[in-house]
Amino acid sequence: MEKGKLIANNKKARHDYFLEETYEAGIALHGTEVKSIRMGRCSVKEAFIRIEKGEVFLYGMHISPYEKGNIFNKDPLRPKKLLLHKSEIRKLTQKIAEKGYTLIPVEVYLKGNLVKVSVSLAKGKKLYDKRQDIAKKDQRREAERNFKVKNLY
């Protein structure tokens, strides 16, 4: 899956969830929203995804209003429809029915002229899992620091 220019990244998702499967979804937007995204003015930090009546919607994605827009600017937090194949939606619906699974947006990027959202099927981490990740990160950082110090002398 070749990605273009990264617009928004959800770093909190990797910290709070185990990301299992990732899907690329299109997103239904209006003209001024696309222009605002091209300028890099969007956020998916607090966003979440729901499947309602066989359609996938993204809630909480903030797209700042386009400055040069006028009456055509839309509500920054309006729900946005995600475009996935019916078979993918069916598969995701079955997985979400299992306990502990959820859908979260991981990143927003441009692929050619299109705005795409990377959607991930995720399972929530427990507190001890987060602590283990933090400990591993600290160990790696310490090892890199020691390696750098040894090479300076």
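Just so you know, residue 1 is the first one in the sequence shown, and it goes up from there.
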Next item on the list: List the steps, then state whether side-chain contact (heavy atoms from CB on, under 4.5 Å) holds for Glu33 with Lys80.
Entry: CA-CA 11 Å; Glu33 290 176 322; Lys80 289 132 188 100; 4.1 Å; yes
Notebook entry, point to check: Under the 3.5 angstrom rule, does the side chain of Lys11 hit a backbone N or O of Asn9 as a donor-acceptor pair?
Noted result: no
Next item on the list: Please say whether the positively charged group of Lys123, taken as NZ for Lys or CZ for Arg, lies over the ring of Tyr101, i.e. under 6.0 angstrom from the six-membered ring centre and within 45 degrees of the axis.
Entry: yes
Next item on the list: Determine, for Glu52 against Lys81, whether the closest basic-nitrogen to carboxylate-oxygen distance falls under 4.0 angstrom.
Entry: no
Item checked: Expected output: side-chain Arg38 to main-chain Asn113 donor-acceptor under 3.5 Å -> yes
Notebook entry, point to check: So, for Ala25 and Val119, which heavy atoms are closest and what is the spacing to 0.1 Å?
Noted result: CB-CG2, 4.0 Å
Next item on the list: Find out if a path of hydrophobic residues (ILVMFWY) with successive side-chain heavy-atom gaps under 4.5 Å connects Val106 to Val108.
Entry: no
Next item on the list: Would you mind listing the cluster partners of Tyr59? Hydrophobic ones only (ILVMFWY), side-chain contacts under 4.5 Å, chaining allowed.
Entry: Phe48, Phe57
Check: What is the distance from atom CG of Leu84 to atom CG of Leu92, rounded to the nearest 0.5 Å?
Finding: 6.5 Å
Next item on the list: Would you please name every residue forming a side-chain hydrogen bond (donor to acceptor under 3.5 Å, both in side chains) with Tyr17, sequence neighbours left out?
Entry: none
Note to self: Using side-chain contact (heavy atoms from CB on, under 4.5 Å), reason through Met61 and Leu58 one step at a time and then give a plain yes or no.
What the structure shows: CA-CA 7 Å; Met61 177 179 170; Leu58 175 62; 3.2 Å; yes
Margin query: Let me confirm one number: the CD1-SG distance from Ile37 to Cys42, rounded to the nearest 0.5 Å.
Written below: 5.0 Å
Margin query: The test is side-chain contact (heavy atoms from CB on, under 4.5 Å); show your working for Leu103 and Ile96 and say whether it passes.
Written below: CA-CA 8 Å; Leu103 278 176; Ile96 289 174; 3.5 Å; yes
Margin query: Let me confirm one number: the OG1-CZ distance from Thr102 to Arg50, rounded to the nearest 0.5 Å.
Written below: 9.5 Å
Check: Taking it one step at a time, do Val115 and Leu29 satisfy side-chain contact (heavy atoms from CB on, under 4.5 Å)?
Finding: CA-CA 9 Å; Val115 178; Leu29 297 170; 4.1 Å; yes
Next item on the list: Starting at CZ of Arg140, measure out to CZ of Arg145 and round the result to the nearest 0.5 Å.
Entry: 12.5 Å
Next item on the list: State whether the side chain of Lys111 and the backbone N or O of Lys116 hold a donor-acceptor pair below 3.5 Å, judged by distance alone.
Entry: no
Notebook entry, point to check: Are Thr22 and Ser118 close enough that some pair of their side-chain heavy atoms sits under 4.5 Å apart?
Noted result: yes
Item checked: Main-chain N/O of Ile104 paired to Ser120 side chain as donor or acceptor, under 3.5 Å -> no
Margin query: Looking at every non-hydrogen atom in both residues, tell me the closest pair between Ser64 and His62 and how far apart they are.
Written below: OG-CE1, 3.6 Å
Note to self: Between Asn10 and Val44 (side chain of the first, backbone of the second, donor and acceptor by atom type, cut-off under 3.5 Å), is there such a pair?
What the structure shows: yes
Margin query: Could you measure the distance from the OG atom of Ser36 to the CZ atom of Arg41? Nearest 0.5 Å is fine.
Written below: 5.5 Å
Next item on the list: Taking the side chain as every heavy atom from C-beta outward, state whether Val117 and Leu82 have any pair of such atoms under 4.5 Å apart.
Entry: yes
Note to self: Holding to side-chain contact (heavy atoms from CB on, under 4.5 Å), I want the full list of residues that pass it with Glu21, two or more places apart in sequence or in another chain.
What the structure shows: Tyr23, Lys91, Lys95, Leu121
